[in-house]
Amino acid sequence: MIGASCWVIYFLLQGDLTSTLTSLIGVIQAVIFLQREKHKWASSVFWLYFFIILQLTLGIISFSIWHDVFAISAGVFNVITYFVLDRRTYRAFGFVLMLSWVLNSAFKFYPIAFANDAFAFISVTVAIIRYDIIPKLKNFLLKFLLQ
């Protein structure tokens, strides 16, 4: 949450209102989603819809350049990614989430954000390969070789 709060400041200093609001909502959302194991109200599907609608509404209101579509999509995928509990689904949505942030920072020429987002994107990609693709490939090859 500290890192996400720093991104709010970073985007604010860049004058990027859409990315700032997207990141700010992400921080608030993280505070609520971290309460899911302690409080039943935090597990409600209400929060999923609430934060998606909030991301879209504030994204549309703050929209100023076509590149902002990447920050808006990152905000929506951020909500979905951190709401799901299934690890495989988390990785799949995380892939799209980080791709959105990579595109946002690339098109807006934010080198610090781009480096961070690229490393995170690579990390999610490696996790998908390691935990989702390789085990399936091993199972397929074992079944094929045993026949």
- [ ] Anything under 30° is parallel, anything over 60° is perpendicular, the rest tilted; go ahead and classify W47 against F50.
- [x] perpendicular

Open item on the list: Within this structure, what is the CG-OG distance for the pair L56 and S73, rounded to the nearest 0.5 Å?
Closed with: 10.0 Å

Open item on the list: Has S23 got a side-chain atom pairing as donor or acceptor with V8's backbone, closer than 3.5 angstrom?
Closed with: no

TODO: Hydrophobic side-chain clustering at under 4.5 Å (ILVMFWY, transitive links): who's grouped with F109? Put none if nobody.
DONE: none

Open item on the list: On a heavy-atom basis, which atom in F63 and which in V69 lie closest, and how many Å separate them?
Closed with: CE1-N, 3.8 Å

- [ ] Show which residues join L142 in its hydrophobic cluster (side-chain heavy-atom contacts under 4.5 Å, direct or indirect), or state none.
- [x] none

Task: Side-chain hydrophobic cluster, 4.5 Å single linkage: members besides I9 - done: L13

Task: Whether F70 and F107 hold their rings parallel, tilted or perpendicular, with breakpoints at 30° and 60° - done: parallel

TODO: Would you confirm whether S44, through its side chain, and W41, through its main-chain N or O, come within 3.5 Å as a donor-acceptor pair?
DONE: no

TODO: Evaluate the side chain to side chain contact (heavy atoms under 4.5 Å, CB included) criterion for residues S43 and E37: first the C-alpha distance (whole Å), next the side-chain angles of each, then the deciding distance (0.1 Å), finally the verdict.
DONE: CA-CA 8 Å; S43 297; E37 292 183 15; over 6 Å; no

TODO: Mind checking the CD1-CG spacing from I122 to D117? Nearest 0.5 Å is all I need.
DONE: 11.0 Å

TODO: Verify the cluster assignment for V76 and V45: are they in a single hydrophobic cluster under the rule of side-chain heavy atoms below 4.5 Å apart?
DONE: yes

Open item on the list: If I compare all heavy atoms of V31 with all of Q35, which pair ends up nearest, and what's the gap?
Closed with: O-CG, 3.2 Å

TODO: Find the distance between CG (D16) and CG (D68) and round it off to the nearest 0.5 Å.
DONE: 5.5 Å

- [ ] Quick one: pull up OG1 in T81 and CE in M98 and give me the separation to the nearest 0.5 Å.
- [x] 10.0 Å

TODO: Return yes if some donor-acceptor pair links the side-chain N/O of T18 with the main-chain N/O of S62 below 3.5 Å, else return no.
DONE: yes

Atom pairs and distances, side-chain donor-acceptor, residues 87-94, under 3.5 Å, sequence neighbours left out:
{"from": "T89", "atom 1": "OG1", "to": "D86", "atom 2": "OD2", "distance (Å)": "2.7"}
{"from": "R91", "atom 1": "NE", "to": "D132", "atom 2": "OD2", "distance (Å)": "3.1"}
{"from": "R91", "atom 1": "NH2", "to": "D132", "atom 2": "OD1", "distance (Å)": "2.7"}

Task: Heavy-atom check, side chain of L54 versus side chain of Q29, under 4.5 Å - done: no

Open item on the list: Any non-hydrogen side-chain atom of N139 less than 4.5 Å from a side-chain atom of L137?
Closed with: no

Open item on the list: Checking the side chain of N78 only, and the main-chain atoms of A74 only, is there a donor and an acceptor separated by less than 3.5 Å?
Closed with: no

- [ ] With rounding to the nearest 0.5 Å, note down the distance linking CG in L146 to CG in L141.
- [x] 10.5 Å

Open item on the list: Walk me through whether S64 and L17 qualify under side chain to side chain contact (heavy atoms under 4.5 Å, CB included).
Closed with: CA-CA 9 Å; S64 63; L17 185 59; over 6 Å; no

TODO: Check whether any side-chain heavy atom of P135 sits under 4.5 Å from a side-chain heavy atom of R130, and report yes or no.
DONE: no

- [ ] Any ring pair (Phe, Tyr, Trp, His ring centres under 6.0 Å) involving residues 112-147? Give me the pairs, sequence neighbours left out, ordered by first then second residue.
- [x] F95-F121

TODO: Nearest 0.5 Å please: distance from the CD1 atom of I28 over to the CZ atom of F33.
DONE: 12.0 Å

Task: Pairwise ring pair (Phe, Tyr, Trp, His ring centres under 6.0 Å) hits with a residue in residues 1-28, at least two apart - done: W7-Y10, W7-F11, Y10-Y110, F11-W101, F11-Y110

- [ ] Identify the heavy atoms of R36 and A42 that sit nearest to each other, and give their distance.
- [x] CG-O, 3.2 Å

Open item on the list: A quick test of your reading: do over 12 heavy atoms of other residues, nucleotides or ligands sit less than 6.0 Å from CD1 of I112?
Closed with: no

Task: CD1/I2: more than 12 non-hydrogen atoms of other groups inside 6.0 Å - done: no

Task: T125 side chain near I128 side chain, heavy-atom distance below 4.5 Å - done: no

